[in-house]
Amino acid sequence: MRTSNYLLSTQKEAPSDAVIISHQLMLRAGMIRKLASGLYTWLPTGLRVLRKVERIVREEMENAGALEILMPVVQPADLWMETGRWDKYGGELLRVKDRHDRDFVLGPTHEEVITDLVQKNVNSYKQLPLNFFQIQTKFRDETRPRFGIMRAREFTMKDAYSFHIEKSCLENTYQKMFAAYCCIFERMGLEYRAVLADTGSIGGNMSHEFHVLAKNGEDAIVFSTESDFAANIEKAEALAPNVKRPPANADVTTIETPNVHSIEDVAKFLKIKTTQVVKTLLVEGNGKKGESTPIIALILRGDHNLNEIKAQQIEGVATPLVFADKEQIKSVANCEAGSIGPKGLDTRIIVDRSAEKLADFVCGANESGKHLTGVNWDRDINNYEIADLRDVLEGDPSPCGKGRLEIARGIEVGHIFQLGDTYSKALNAGVLNQQGKSQILTMGCYGIGISRIVAAAIEQNNDKNGIIWNDVLAPFSVVIVPMNMKKSIRVAELSQKYYTQLKGMNIDVLFDDRQERPGIMFADAELIGIPHMLIIGDRSIDNGVIEYKERQSGLKQDVNIESVIDFIKQKLT
RNA sequence: CGGUGAUUAGCGCAGCUUGGUAGCGCAUCUGGUUUGGGACCAGAGGGUCGAAGGUUCAAAUCCUUCAUCACCGACCA
């Protein structure tokens, strides 16, 4: 490609609303442009990278035996009603009507469509197992799109779905996909981890996420210091403290705590640690139709954070989790938020494992501006359940039994699930088995965020000059930068010669044939992150060499004029 | 969904307090001088000041409503 036939569209400054480095660099390097919140146009440079990611994913999916298909973005609502997700999926599901006033959705995922396809087109166990994949646009109407392409509303995803009769067969394919994913992220040169994950709105049992490690990652992932255990914090179990609860010593005392609301305030006011205070969160339960929603109290130690995923998984708690509003709090606890406590509360009470080990603790008095000290379980509060409700903290014992937990941040770029029969049952997707009887299929599904990988790779590989691509993902492998080509016929001819030769070898080469000063061309090449630079100038031609510069290391090296092509060829293998 | 803030040229911003000809830097275009790390000189183009109402002789500036965008939060007990 010649710059004169191309749109570089690089910028010195990034728009002020881009906060993280990958977003800033993608804008500055002319990879993407924003159309509206969460909606981006891919410019030529960005699209080149996106296509390279797609190619690697496609190759590895095919290697793993998956078959490529392409499903529609627009899907009829009927299918979503049949699986129940029309009601369950919530605001992220964009619903549209056609001219006949029929309901449709923009697909956030394709379980319904693929299951319907299999239900209609696969009849016999002999055709199984099957694994389909597609690389396609998804739409999720995120509450808060952010960080550019990282969490966009419209994005490119690879999604695959496998179908089996036997669970063991599903497990086998799951392992194959796991291995394929490892292959993919390794080929891309990303530093990543596979972790145990929650299954979320997709449903199912076994699930792993693949995270690219980055300090701007939206997810917290935890590792054991002494084993292979790794999990999303959503999924990491907080073990019950291995101690006996101390006996009750103090009597319950009501104290005035005017204008003291948060846990920190309470602890400061009473000059105690936050670990000795208990916080009470009121959430909605799922009420039966017609009844008013019951309120459930969740109790945590003051220094612990509620893990919403764990809370939602408790039978009877509304999904998604809804916190009680002011009126609900008033009607249940007869006070403002900030003074709620478990003692005397007439609701179902669920206590976190750690909070349950406390004795003589402090909590709200269910009376505005008052707290209780010296409160004890069983003596003062009966009828409570114990559950794992909190996020793990760094240093907690690992749930695998070995080592302690460390916490890192990651960008989720892949997620695989053993779905089971949730969708196949709902859509009656079955085949005749060996005994000639109809049998519901069991499913797996496997996603990769193609466009997110582009951002994640940049997040992991950049410096003050811009992006640092490796050879596999780079929009161009080589850039030719001529020095004053206008004046020097030698430079022009040599540049042209290299360009033609490299292009002839199917190497992605950018020939910067603009009449620009060298500094501009260097800066652009480095901002875009092209891994290999050839600098063609009279000065070095006089010595029979041209200069090569490597983006990654910044190292410069003279290469004999005659052996430049071989040199590049060698670099790219 | 809640809170905060922003919206003036493609990008980054000033002007608003105290109403009176719409500005700066970068980018773009023309001509010239330059050419090994974001040049210099001379000139030029580009704006419904987010939208709609209102106050006023006069509104980017004051008032009202709306929209869009961003950040923080969604853990607050």
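Every chain is numbered from 1, with letters handed out A, B, ... down the list of sequences.
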Between [options], which nucleotide has the shortest distance from any of its atoms to the side chain of [X]?
X: A:Pro15; options: B:C69, B:G12, B:U34; answer: B:G12
X: A:Arg28; options: B:G38, B:C69, B:C71; answer: B:G38
X: A:Ser37; options: B:G36, B:C69, B:A74; answer: B:C69
X: A:Met483; options: B:A74, B:A39, B:G36; answer: B:G36
X: A:Val19; options: B:G36, B:C71, B:U35; answer: B:C71
X: A:Lys12; options: B:C26, B:C71, B:G25; answer: B:C26
X: A:Leu281; options: B:G36, B:C69, B:A77; answer: B:A77
X: A:Arg517; options: B:G25, B:A70, B:A39; answer: B:A39
X: A:Ser16; options: B:G12, B:C69, B:C71; answer: B:G12
X: A:Asp524; options: B:U35, B:C69, B:G38; answer: B:G38

Verify, without hydrogens or angle tests, whether [X] (side chain) and [Y] (backbone) share a donor-acceptor contact under 3.5 angstrom.
X: A:Trp469; Y: A:Ile528; value: yes
X: A:Arg28; Y: A:Gln11; value: yes
X: A:Arg140; Y: A:Pro108; value: yes

Expressed in whole Å, how much space separates the [atom1] atoms belonging to [N] and [M]?
N: B:G32; M: B:C69; atom1: P; result: 46 Å
N: B:U61; M: B:U8; atom1: C1'; result: 11 Å
N: B:G31; M: B:A14; atom1: C1'; result: 31 Å
N: B:G20; M: B:C49; atom1: P; result: 15 Å
N: B:U17; M: B:U64; atom1: P; result: 15 Å
N: B:A6; M: B:G50; atom1: P; result: 13 Å
N: B:C24; M: B:A44; atom1: P; result: 12 Å
N: B:U56; M: B:C66; atom1: P; result: 23 Å

Closest nucleotide of RNA chain B for A:Arg144 versus for A:Val278: which of these residues is on the 5' side?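 Residue closer to the 5' terminus by nearest nucleotide: A:Arg144.
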Where each residue is assigned the nucleotide of RNA chain B containing its nearest heavy atom, which of A:Asp391 and A:Ala523 is assigned the position nearer the 5′ end?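 With A:Asp391 and A:Ala523 compared, the 5'-side residue is A:Ala523.
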Using a heavy-atom cut-off of 4.0 Å across all strands, would you classify [X] as base, sugar-phosphate, or nothing?
X: A:Val481; answer: nothing
X: A:Asn465; answer: nothing
X: A:Ile263; answer: sugar-phosphate
X: A:Ser339; answer: sugar-phosphate
X: A:Ala14; answer: sugar-phosphate
X: A:Leu282; answer: base
X: A:Gln515; answer: nothing
X: A:Gly364; answer: nothing
X: A:Thr280; answer: base
X: A:Arg390; answer: nothing

Strand partner of [N], provided both Watson-Crick or wobble distances fall under 3.5 Å:
N: B:G36; result: none
N: B:G47; result: none
N: B:U7; result: B:A67
N: B:U30; result: B:A42
N: B:G2; result: B:C72
N: B:C16; result: none
N: B:U55; result: none
N: B:A60; result: none

Run the salt-bridge test on [X] and [Y] with the 4.0 Å N-O cut-off and return the result as yes or no.
X: A:Asp352; Y: A:Lys310; value: no
X: A:Arg514; Y: A:Asp524; value: yes
X: A:Lys549; Y: A:Glu526; value: yes

Starting from [atom2] on [N], measure out to [atom1] on [X] and report it in whole angstrom.
X: A:Ile520; N: B:U34; atom1: CD1; atom2: P; answer: 18 Å
X: A:Leu35; N: B:A70; atom1: CG; atom2: P; answer: 12 Å
X: A:Leu7; N: B:U28; atom1: CG; atom2: C1'; answer: 13 Å
X: A:Lys556; N: B:G36; atom1: NZ; atom2: P; answer: 12 Å
X: A:Arg539; N: B:U35; atom1: CZ; atom2: C1'; answer: 11 Å
X: A:Leu372; N: B:A77; atom1: CG; atom2: P; answer: 17 Å
X: A:Arg490; N: B:U35; atom1: CZ; atom2: P; answer: 16 Å
X: A:Asp303; N: B:A77; atom1: CG; atom2: P; answer: 12 Å

What class does the angle between the rings of A:Phe511 and A:Tyr499 fall in, given that below 30° is parallel, 30 to 60° is tilted and above 60° is perpendicular?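 Plane angle between 30° and 60°, so tilted.
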Does the ring center of A:Phe361 lie less than 6.0 Å from the ring center of A:Trp377?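 Yes, the ring of A:Phe361 comes within the 6.0 Å limit of the ring of A:Trp377, centre to centre.
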For A:Ser477 and A:His532, test the side chains for any donor-to-acceptor distance below 3.5 angstrom and give the result as yes or no.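 Note: A:Ser477 and A:His532 side chains miss the donor-acceptor criterion.
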With no hydrogens and no angle check, do the side chains of A:Asp512 and A:Thr3 hold a donor and an acceptor under 3.5 Å apart?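 Indeed, the side chains of A:Asp512 and A:Thr3 share at least one donor-acceptor pair under 3.5 Å.
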Is a donor-acceptor contact shorter than 3.5 angstrom present between the side chain of [X] and the base of [N]?
X: A:Glu516; N: B:G38; result: no
X: A:Gln11; N: B:G10; result: no
X: A:Lys549; N: B:G37; result: yes

For B:G36, take OP1 and OP2 only and decide whether either is under 4.0 Å from a side-chain N or O of A:Ser540.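 For B:G36, OP1/OP2 do not have a side-chain N/O of A:Ser540 under 4.0 Å.
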